[in-house]
**Q** 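Pasting in a structure now, in structure tokens, and then I'll have a few things to ask.
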Amino acid sequence: MKVLRSIPKIRNQITLIKKQRKTIGFVPTMGYLHAGHLSLVRAAKKENDVTVMSIYVNPTQFGPQEDFAKYPRDISRDLKLAQKAGVDIIFLPRNKDMYPRGYLTYVKVQKITDTLCGGKRPEHFCGVCTIVAKLLNITSPDKAYFGQKDAQQALVIKKMAEDLNIPVQIKVMPIIREIDGLAMSSRNVYLSPEEREDAVVINKALFLARQQFLRGEKNSNKILSSIKRLISSKHSAKIDYVKIVDTENLLPIKIIKGEALIAIACYIGKTRLIDNIILRG
Ligand code: AMP
């Protein structure tokens, strides 16, 4: 596994790979790897000749009061996990190369970033799109892999790639969960043992909502009330938002007819966790 820090070095490698007519699968991450990240690597390896992973905690996607400084980092552990998973190239860019002095360019996807996490974290998706566009330009992958865990992000990135004619196929892979149902996240490490127990309520609420839907409940408000009631039963939990929205435009749905996305962001203590589920009739 090659570990590259500079943009010219990774560009050289990418040029060599392309000359050999090999395909590239790209997995962008912020590190502190877990089985969710590694599932993206598995998919990339299956569908491409070469797998490139980036590990970069991108400062522009964090708000001023958010956890950029304390976001968990452990590069030596990440490198071991990535190597074991069969990543071919790791790109570890530096802030001064990604955002050099005088940096002025940002990418903004409109409308679908106004709701859910975008509604609560106003600069977040601009930061995400900017870094992903830069990473796609640097690594020129055939396919890039994202998790359904960040459902809105996956949709926004797809839209950005389509609108900016970036020649890449965006693949969205299923949510990987702990045995008790909690969606894997690098931020789960922030949870105290009691909070870790309470956090399961997020997935439980989504699961119950699906049961309710499958039993015939199509009224979003009724489903949302059940979710809110269950989550409020845990004293460490505080809902940031819970919405039932269209899977394409993310607009709220009152009566569920076809597909719908239930998306939740919830504080467990001070840790903000997100999760979601798609309802299909
Ligand atoms: P992050 O390092 O949190 O920015 O995540 C990097 C990529 O891994 C994103 O595309 C995430 O959606 C994806 N990811 C994170 N957690 C999970 C999970 N539990 N299951 C599947 N994909 C995930």
Side-chain angles (χ1 to χ4, degrees), residues 25-47 51-63 66-68 70-75 77-79 81-82 85 87 90-93 98 116-118 121 124-136 139 141 143-161 168-191 196 199-200 202-203 206-207 261 263-266 268 271-278:
F26 177 51
V27 180
T29 80
M30 298 207 296
Y32 212 71
L33 301 181
H34 52 67
H37 298 115
L38 301 177
S39 73
L40 305 184
V41 171
R42 257 198 314 281
K45 282 184 68 67
K46 210 162 131 189
E47 299 177 354
T51 298
V52 178
M53 173 188 273
S54 63
I55 300 178
Y56 180 60
V57 185
N58 171 40
T60 64
Q61 70 190 68
F62 290 80
E66 293 180 1
D67 58 342
F68 172 69
K70 72 163 193 170
Y71 193 84
R73 295 160 168 92
D74 189 342
I75 285 296
R77 176 175 163 276
D78 285 350
L79 293 181
L81 287 171
V87 172
I90 292 267
F91 180 41
L92 296 178
M98 294 316 270
L116 307 181
C117 284
R121 306 177 70 189
H124 175 66
F125 284 114
C126 181
V128 168
C129 286
T130 302
I131 195 64
V132 173
K134 286 166 71 70
L135 291 169
L136 292 175
T139 59
K143 296 182 178 142
Y145 294 81
F146 294 84
Q148 174 63 19
K149 156 91 181 346
D150 299 84
Q152 187 176 19
Q153 169 174 281
L155 204 68
V156 169
I157 297 292
K158 267 190 182 169
K159 192 75 189 119
M160 174 189 78
V168 64
Q169 198 182 332
I170 302 297
K171 306 278 283 193
V172 184
M173 310 311 293
I175 304 177
I176 304 296
R177 299 179 178 282
E178 302 285 356
I179 289 168
D180 62 6
L182 177 66
M184 290 202 179
S185 163
S186 306
R187 288 189 169 101
N188 290 350
V189 71
Y190 296 148
L191 302 170
R196 173 63 187 79
V200 184
I202 302 171
N203 174 245
L206 288 172
F207 183 78
L261 172 75
I264 299 187
C266 181
I268 301 291
T271 305
R272 186 176 179 278
L273 300 177
I274 58 170
D275 200 347
N276 68 81
I277 199 168
I278 291 180

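When reading the values below, keep in mind they use all heavy atoms of this one structure, side chains included, and skip hydrogens, waters and symmetry mates. In each ligand, atom 1 is the first atom listed, and ligand 1 is the first ligand listed. Every value quoted in this text rests on a predicted model; they were computed, and no experiment measured them.
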**Q** What closest approach, in Å, do S186 and Y32 show between heavy atoms, and which atom pair accounts for it?
**A** OG-O, 3.2 Å
**Q** Any heavy-atom pair between the side chains of K171 and E47 that's under 4.5 Å?
**A** yes
**Q** Look only at interatomic distance and state if S185 has a nitrogen or oxygen under 3.5 Å from any nitrogen or oxygen of ligand 1.
**A** no
**Q** Which protein heavy atom lies closest to atom 20 (N) of ligand 1, and at what distance to 0.1 Å?
**A** I176 N, 2.9 Å
**Q** Can you tell if the side chain of L33 reaches within under 4.5 Å of the side chain of M53, non-hydrogen atoms only?
**A** yes
**Q** Tell me, do H124 and Q152 make a side-chain contact under 4.5 Å, heavy atoms counted?
**A** no
**Q** Can an N or O of M30 be found at a distance shorter than 3.5 Å from an N or O of ligand 1?
**A** yes
**Q** Does the side chain of M98 reach to within under 4.5 Å of the side chain of P59, using non-hydrogen atoms?
**A** no
**Q** For T29, take its heavy atoms, then give the atoms of ligand 1 lying under 4.0 Å from any of them.
**A** 2 (O), 6 (C)
**Q** Taking 4.0 Å as the limit for heavy-atom contacts, which would you say applies to P174 with ligand 1: side chain only, backbone only, both, or neither?
**A** backbone
**Q** List the closest protein heavy-atom neighbour of atom 1 (P) of ligand 1: residue, atom name, distance to the nearest 0.1 Å.
**A** H37 NE2, 3.6 Å
**Q** At a 4.0 Å threshold, what atoms of ligand 1 neighbour a non-hydrogen atom of D150?
**A** 11 (C), 12 (O)
**Q** Give a yes/no verdict on a cation-pi contact between K158 and F146, requiring under 6.0 Å between NZ or CZ and the six-membered ring centre and an angle within 45° of the axis.
**A** no
**Q** Using side-chain heavy atoms (C-beta onward) and a distance below 4.5 Å, is F91 in contact with L135?
**A** yes
**Q** Check if Q148 has a non-hydrogen atom at a distance under 4.0 Å from any atom of ligand 1.
**A** no
**Q** Is it the case that atom CZ in F68 sees more than 12 heavy atoms from other parts of the structure closer than 6.0 Å?
**A** yes
**Q** Nearest protein heavy-atom contact for atom 23 (C) of ligand 1: which residue, which atom, what distance?
**A** K149 CB, 4.0 Å
**Q** Among V57, L40, V27, whose heavy atom sits nearest atom 8 (O) of ligand 1?
**A** L40
**Q** Nearest to atom 10 (O) of ligand 1, what protein heavy atom do you find, and at what distance?
**A** G147 N, 3.0 Å
**Q** Tell me which part of A35 gets within contact of ligand 1: side chain, backbone, both or neither, using heavy atoms under 4.0 Å.
**A** neither
**Q** Polar-atom distance check: F146 versus ligand 1, any N or O pair below 3.5 Å?
**A** no
**Q** Backbone or side chain, does any N or O of S39 fall under 3.5 Å from an N or O of ligand 1?
**A** no
**Q** Which of the atoms of ligand 1 are close to P28, meaning less than 4.0 Å from one of its heavy atoms?
**A** 6 (C), 7 (C)
**Q** Below 3.5 angstrom, do we get any N/O pair linking I175 and ligand 1?
**A** no
**Q** If you take all heavy atoms of A44 and T51, which pair is closest and at what distance?
**A** C-OG1, 3.7 Å
**Q** Measure across N203 and L182 and return the closest heavy-atom pair with its distance rounded to 0.1 Å.
**A** CB-N, 4.5 Å
**Q** Checking salt bridge (charged side-chain N to carboxylate O under 4.0 Å, His left out) for the pair D67/R272: CA distance, chi angles, key distance, verdict?
**A** CA-CA 10 Å; D67 58 342; R272 186 176 179 278; over 6 Å; no
**Q** Using a heavy-atom cut-off of under 4.0 Å, does the side chain or the backbone of M173 touch ligand 1, or both, or neither?
**A** neither
**Q** Can you give me the closest heavy-atom contact between A199 and L191, atom names plus distance?
**A** CB-CD1, 4.0 Å
**Q** Considering non-hydrogen atoms of the protein only, which is the closest contact for atom 15 (C) of ligand 1, and what is the distance?
**A** H34 CE1, 3.9 Å
**Q** So, regarding M184 and ligand 1 (criterion: nitrogen or oxygen to nitrogen or oxygen, under 3.5 Å), is there a contact or not?
**A** yes
